[in-house]
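What you are looking at is a predicted structure, and each value in this text was computed from that prediction instead of being measured.
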Amino acid sequence: MAATPAPIILDGGTGHLLKDWGARLPGLPHAQQFLAGVVANEADPELVQRAHAAYIAAGARCITTNSFVATRHSLAKIGRTGDA
């Protein structure tokens, strides 16, 4: 039996999955709640790990770094420009 290849890690829409799973930033408009996903890297890393595990369990060979919105522009919306 052949070994399972290691996942390839990219950047993508993990933040939207985390939003669907309940990651929230109080006071942020609904349309911007995807930003809660990037904060989850610090605030709820277990949720991020669970998202990665779910993608792998579903057969994904590519998972994301959950850094897509970790930009100065996006983080400025929540007062965290310096964290980009």
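Residues satisfying the side-chain hydrogen bond (donor to acceptor under 3.5 Å, both in side chains) test with Thr81, not counting sequence neighbours, are none. With sequence neighbours left out, the side-chain hydrogen bond (donor to acceptor under 3.5 Å, both in side chains) criterion links Asn41 to Asn66. Considering only residues two or more places apart in sequence or on other chains, Ala51 meets the side chain to side chain contact (heavy atoms under 4.5 Å, CB included) condition with Thr14, Leu17, Leu18, Trp21.
Identified under the side-chain hydrogen bond (donor to acceptor under 3.5 Å, both in side chains) test for residues 45-54, with sequence neighbours left out: none. The salt bridge (charged side-chain N to carboxylate O under 4.0 Å, His left out) pairs that include a residue from residues 63-83 are Glu42-Arg80, Arg80-Asp83, where partners are two or more places apart or lie in different chains.
Within the 4.5 Å cutoff, the side chain of Val38 has no heavy atoms near those of the Ser74 side chain.
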